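Remarks on the structure that follows.
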Amino acid sequence: NNNDNNNNNNINSRYDQVFQDVGLDKNQLKQVPNMPMKRVLSPNDVFCNRELKLSGIRAIGFDMDYTLAQYQQPAFDQLAFDGAKDKLVNVFGYPKELLQVAYDHEWWARGLIIDTERGNFLKIDRHKYVRVAYHGFDPISSTTRKDLYSKTFNKVASFSEKSFVNMDTLFQFVDAHLFAALIDMKDKGEYEVLDFKTYDEIYKEIRECVDLCHRDGVIKDEVAINPEKYIVLDNGMIPMLKRYRDAGVKVFLLTNSLWEYTSVAMNYLYHGEKVDEETMLKNEWLDLFDLAIVGSCKPAYMLDPKLSLFRVRPEDGSLLNTDGLFEIDALGPNGAELFLQQGKVFQGGNWKHLQAMLEIDAGEEILYVGDHLYSDVLRSKRTLGWRSAFIMPELEEEMRVFNDQVSMLESIKTLRKLRDDLNYYADMVKQSSNNNNSVDDDDEQDNNTKNQLAEIEEDDEVVKNKLSDLAQEWHRTFHPIWGAMFNAGYQDSRFAYYVQNYACLYTSRATNLGLSFTTRSFRTSSEMLPHDKLIADERTEFQEFDPWEGGG
């Protein structure tokens with residue numbers, strides 16, 4: 001027993017001080033002694049921006065592409081890239097040299113903004129200041145960047161105009177690489193067909209060709225033939241979905257993909273291998289869901305209450321008309337249940353149909369999980385009040401790199417604090433000089449102060465140069481061009497800002513949500529404004545005094 005007590009005391013040592021500070025008798029706590037000395041943190045964790053109790057969630061929905069179905073890179077993107085190149089050359093008459101352009105998905109990062117009018121790629125911080133900019137594949141100088149995006153800041157208030165495209169999803173890497181390649185060809189080559197096109201026109205035609213690849217079979221047919229080459233299996237999908245349904249939570253699929261492709265992808269994820277046509281037609285994966293909606297046309301699905309709902313016949317993919325809400329109401333008190341008994345696969349419709357079929361009125365009782373920051377996360381939360389979970393496969397690598405570079409980040413933060421303290425110290429020197437000046441020693445005092453201030457400025461320049469080198473090195477460890485996904489310069493990136501504000505939860509894989517039981521409560525970490533951070537910093541000392549006493 002003594003050994004047990006000693007072990008408990010050792011295990012609890014990380015909390016002993018706070019127990020003492022708040023007068024809490026740790027002997028009253030029964031399970032705290034059994035907790036590990038450190039909490040294990042991994043890329044499989046789910047992180048919280050807004051407190052959420054899973055016990056309050058009555059329905060959980062999943063997007064499919066890049067959410068339940070992760071894709072092998074660069075193989076999957078290569079299908080759209082090659083298909084779009086072919087269409088641009090053979091349908092739109094682009095130079096045949098475009099066919100020789102190779103795809104490099106590692107050149108790009110999520111969260112960038114494409115300026116389609118100027119042919120530029122931007123990374124901006126939460127305050128809309130452009131920190132990194134490229135024209136095609138060429139870096140834009142600091143001077144030009146500031147001329148374009150800072151001195152005319154009042155004319156570009158939000159980067160939300162139609163000429164700015166947010167790279168919120170991994171699907172857009174293909175668009176970005178084709179656009180950058182054609183910008184280089186337009187600027188540096190002699191191609192008459194490109195001379196007569198604006199950057200914006202080029203981007204729109206790229207978008208049209210890539211979209212067509214998702215509709216005409218270029219991608220779908222190849223994935224159906226070789227799903228193992230393109231789709232990543234996740235052993236956690238089936239246990240996760242079963243856990244939620246067993247707990248009484250309704251589960252739905254809401255995807256923009258049409259039925260034929262959805263069936264291919266979900267059958268492969270369910271069976272763990274390519275199956276024969278007879279097995280495919282059974283669509284046994286549907287047993288994991290209360291209902292499935294394909295071809296949903298998000299974000300319009302969450303905005304337009306007039307969109308019509310069609311029933312899908314899984315055996316052949318044909319569509320049947322429904323009267324939507326009127327039909328559900330006409331079926332009586334159990335209308336939703338009777339409506340779903342006729343078939344639970346639908347195409348289109350809008351959020352009103354979904355909530356009626358789920359028999360849920362309050363948006364906060366629905367958790368939607370998706371990978372698209374705008375159509376999945378921002379729209380569902382801002383417009384409908386749904387709770388949201390954002391999926392970022394890149395988070396795994398970001399966390400690994402961050403963990404490796406924590407000491408460098410601490411050095412950067414400390415040096416930034418030193419620069420701030422130097423500026424504060426310069427003010428103290430000037431204030432002291434003003435207070436102590438007299439007629440007799442005025443010139444000598446001025447000279448001493450000037451020398452002191454000059455040396456402070458020199459110190460600041462030395463620290464600034466070292467800080468700049470460290471910051472560049474730190475960012476390059478994440479991505480050689482765009483840096484850390486969640487940071488721009490020393491600020492949070494705009495991408496991080498939107499994740500913080502609109503994703504209640506975020507994680508690297510959808511199945512990470514299956515590692516938490518429905519009794520789990522997610523809590524936010526404390527947030528502090530700059531004044532609170534300074535007070536909490538052990539290198540500062542809080543004092544109260546009148547700074548103007550004595551004349552100033």
Side-chain angles (χ1 to χ4, degrees), residues 42-47 60-81 103 105-106 108-111 167-175 210 213-214 219-220 222-242 244 251-258 261-275 285 288-289 292 294 296 298 367-373 375-377 388-400 485 495 499 503 505-516:
S42 84
N44 301 316
D45 277 19
V46 176
F47 303 96
I60 182 168
F62 296 88
D63 188 15
M64 185 181 76
D65 297 304
Y66 282 113
T67 301
L68 290 179
Q70 292 296 331
Y71 293 107
Q72 303 279 5
Q73 293 298 355
F76 183 76
D77 278 2
Q78 195 74 50
L79 295 174
F81 188 76
Y103 178 58
H105 74 288
E106 293 183 346
W108 304 101
R110 191 162 15 183
M167 289 178 60
D168 288 335
T169 174
L170 298 175
F171 278 124
Q172 290 168 295
F173 285 19
V174 169
D175 304 37
V210 173
C213 289
H214 285 279
I219 297 173
K220 175 183 61 184
E222 178 60 27
V223 173
I225 295 169
N226 297 302
E228 66 283 347
K229 184 178 177 181
Y230 302 104
I231 301 176
V232 179
L233 291 175
D234 190 331
N235 294 329
M237 186 190 79
I238 294 175
M240 173 189 69
L241 297 176
K242 284 184 174 179
Y244 279 113
V251 179
F252 64 93
L253 182 72
L254 179 64
T255 175
N256 282 355
S257 289
L258 296 175
Y261 181 74
T262 301
S263 177
V264 167
M266 293 304 298
N267 266 301
Y268 179 71
L269 289 170
Y270 182 82
H271 293 286
E273 61 182 2
K274 183 180 177 181
V275 294
W285 61 270
L288 300 171
F289 297 91
V294 301
S296 63
K298 295 173 295 178
L367 173 63
Y368 186 59
V369 186
D371 74 295
H372 196 301
L373 193 54
S375 65
D376 292 337
V377 175
S388 57
F390 185 41
I391 304 303
M392 292 178 282
E394 315 97 304
L395 184 62
E396 294 185 6
E397 183 62 19
E398 290 278 319
M399 289 181 66
R400 289 190 193 99
M485 185 165 67
F495 179 74
V499 171
L505 307 175
Y506 66 94
T507 187
S508 60
R509 303 181 191 186
T511 52
N512 292 342
L513 290 162
L515 301 174
S516 299

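The chain is numbered in sequence order, starting from 1. All of these numbers come straight from a predicted model, not from anything done at the bench.
- With rounding to the nearest 0.5 Å, the separation of CD in Gln70 from CE in Met64 is 11.5 Å.
- For the atom pair Leu68 CG and Leu241 CG, the distance stands at 6.0 Å (nearest 0.5 Å).
- With a 4.5 Å cut-off on side-chain heavy atoms, Leu79 and Val223 count as touching.
- A donor-acceptor pair under 3.5 Å is formed between the side chain of Glu398 and the backbone N or O of Met485.
- Considering only residues two or more places apart in sequence or on other chains, Asp45 meets the side chain to side chain contact (heavy atoms under 4.5 Å, CB included) condition with Arg39, Leu41, Ser42, Phe47.
- For Asp65 and Tyr71, the side-chain atoms include at least one donor-acceptor pair closer than 3.5 Å.
- Counting only heavy atoms from C-beta outward, the side chains of Phe173 and Met167 approach each other to under 4.5 Å.
- Asn226 meets the side-chain hydrogen bond (donor to acceptor under 3.5 Å, both in side chains) test with Glu222; sequence neighbours excluded.
- Legend: residues meeting ring pair (Phe, Tyr, Trp, His ring centres under 6.0 Å) with Phe171, ordered by chain and number and at least two apart, are Tyr66, His214.
- Between atom CH2 of residue Trp285 and atom CG of residue Asn267 there is a gap of 7.5 Å, rounded to the nearest 0.5 Å.
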Please walk me through it: do Val369 and Ile60 pass side-chain contact (heavy atoms from CB on, under 4.5 Å)? CA-CA 8 Å; Val369 186; Ile60 182 168; 4.1 Å; yes
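- Here the shortest heavy-atom pairing between Ile391 and Thr67 reads CG1-CG2, 4.0 Å.
- With a 4.5 Å cut-off on side-chain heavy atoms, Leu170 and Trp108 do not count as touching.
- Between Tyr230 and Ala75, the closest heavy-atom pair is CE2-O, 3.5 Å.
- Taking Thr262 as the reference, nothing meets the side-chain hydrogen bond (donor to acceptor under 3.5 Å, both in side chains) condition, with sequence neighbours excluded.
- Between Met240 and Thr511, the shortest heavy-atom distance links the atoms SD-CA, 3.6 Å.
- The two residues Cys213 and Ala80 make their nearest non-hydrogen contact at SG-O, 3.9 Å.
- With sequence neighbours left out, the side-chain hydrogen bond (donor to acceptor under 3.5 Å, both in side chains) criterion links Thr507 to Asn512.
- Scanning for ring pair (Phe, Tyr, Trp, His ring centres under 6.0 Å) contacts around Tyr103 gives Phe81, His177, with sequence neighbours left out.
- When all heavy atoms are compared, the tightest approach of Ser508 to Leu395 is N-CD2, 3.9 Å.
- Judged by distance alone, the side chain of Gln172 and the main-chain N or O of Thr169 form a donor-acceptor pair under 3.5 Å.
- Every residue two or more places apart in sequence or in another chain that forms a side chain to side chain contact (heavy atoms under 4.5 Å, CB included) with Glu397 is listed here: Arg400, Val401.
- By the side-chain hydrogen bond (donor to acceptor under 3.5 Å, both in side chains) test, Lys298 is found to be paired with Asp63, Tyr368, Asp376, residues two or more places apart in sequence or in another chain being considered.
- Between atom CG of residue Asn44 and atom CD of residue Glu396 there is a gap of 6.5 Å, rounded to the nearest 0.5 Å.
- The line from NE2 of His271 to CE of Met266 is 10.5 Å long, rounded to the nearest 0.5 Å.
- The shortest side-chain heavy-atom distance between Arg110 and Pro393 falls under the 4.5 Å cut-off.
- In this structure, the salt bridge (charged side-chain N to carboxylate O under 4.0 Å, His left out) partners of Asp175, at least two apart in sequence or on a different chain, are Arg207.
- Looking at Leu258 and Val294, their side chains never come closer than 4.5 Å, going by heavy atoms from C-beta outward.
- For Ala389 against Leu513, the heavy-atom pair with the smallest separation is CB-CD1, 4.3 Å.
- The side chain to side chain contact (heavy atoms under 4.5 Å, CB included) test applied to Ala503 returns Asn49, Val377, Phe390, Val499, not counting sequence neighbours.
- Between Gln72 atom CD and Ile231 atom CD1 the span is 9.5 Å, to the nearest 0.5 Å.
- Annotation: salt bridge (Lys or Arg N to Asp or Glu O under 4.0 Å) contacts involving residues 223-241, sequence neighbours excluded, are absent.
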